[in-house]
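Have a look at the structure below, then the notes.
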Amino acid sequence: FETSLDHDEL
Amino acid sequence: MNIFRFAGDMTHLASVLVLLLKIHTIKSCAGVSLKTQELYAIVFATRYLDIFTDFISLYNTFMKLVFLGSSFSIVWYMRSHKIVRRSYDKDQDTFRHYFLIVPCLLLAMIINEKFTFREVLWTFSLFLEAVAILPQLVLLQRTRNIDNLTGQYIFLLGAYRAFYIFNWIYRYFTEPHYVHWIPWIAGLLQTLLYGDFFYYYFHSWKNNKKLQLPA
C-alpha cells in the first residue's frame, strides 16, 4: 500500500 | 474534532444501534432492505482498508471497528439468522446491487485524488455510500408500511449526513487548506436523497400520525 491521503473522517 | 462531526458520528452510531436493536430484540427485519445493508458493508470494507496501517486516533479506530462489525452483523442476521431471515421482504427488495456498484467503481477510477488502489476504493466507498440508501427508499415506497424503528433508523442516517455537512463548513472556515471536493459532492448528493423522506417524516411527526409515504 502506498501512503494514503489524510482521511481523518469516518 | 468539532461538535458537528461528533454529532454526526453519534447519530450514525445511533442509527446502526436502532437497527440492530430492532433486529435483535424483535427478531424481525421487516421493512429493512438487505440490499442497502450489503452495500453499507461494502462501503465500510472498502473505506477502512487503512484501519490497521494508518493510525489517526483511538476514537477513529474504535468507530471503524464498530461500523464494520455492525454492518456485517446486520447482513448476517438478515441472511442467516433462522428467525430474522423469515421476516425479510425478499420479493419487494429487488433493487440490483450492480446498477449502483459498477457505475460507482467506474466513476471512482476516473475521478479520484490519486490513482492508487486504496484511493480509488476509498473514493468508490464515498460514491457508493451516497446512493446506498436507494434500495431502502424503494422498499419503503413499495411496502408503504414503516414501523417506528425503521423510520427512526432512516431519520438518524439523514441527520448524520446533515451534521457532516455542517462539519465540513466549519472545517472549511477554521482549518487552512481544508478543501475536499469529492466527499463534499458525494455527501451533498447523499443528503439530498433524504430530503423527500424528511419531508414526510416531519409531516407525520407534526400531525402525530403514523409515517406513511404516498403511493
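Within every chain, numbering begins at 1; the chains are lettered A, B, ... in the order of the sequence lines, protein sequences first and strands thereafter.
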* Between B:Asp9 and A:Glu9, does a side-chain contact (heavy atoms from CB on, under 4.5 Å) hold up when you go through it step by step? -> CA-CA 9 Å; B:Asp9 287 347; A:Glu9 287 171 357; over 6 Å; no

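Taking 4.5 Å as the limit, some side-chain heavy atom of B:Tyr164 sits within range of a side-chain heavy atom of A:Leu10. When side chains are defined from C-beta on, A:His7 does not count as touching B:Arg118, because their heavy atoms never get closer than 4.5 Å.
There is no contact between B:Phe44 and chain A, counting heavy-atom distances below 4.5 Å. Contacts of B:Asn60 with chain A are made by both backbone and side-chain atoms, with heavy-atom separations under 4.5 Å.
For B:Phe166, the CZ atom counts as loosely surrounded, since its 6.0 Å shell holds 12 or fewer non-hydrogen atoms of other residues, nucleotides or ligands. When the shell of 6.0 Å around CZ of B:Phe173 is examined, it contains 12 or fewer heavy atoms from other residues, nucleotides or ligands. Heavy atoms from other residues, nucleotides or ligands lying under 6.0 Å from CE of B:Met1 number more than 12. Remark: B:Trp76 CH2 is packed, more than 12 non-hydrogen atoms of other residues, nucleotides or ligands lying under 6.0 Å away. Under a cut-off of 6.0 angstrom, the local environment of OH in B:Tyr170 is sparse, with at most 12 non-hydrogen atoms contributed by other residues, nucleotides or ligands.
Comment: B:Arg171 engages A:Asp8 in a salt bridge, judged by a side-chain N to carboxylate O separation of less than 4.0 angstrom.
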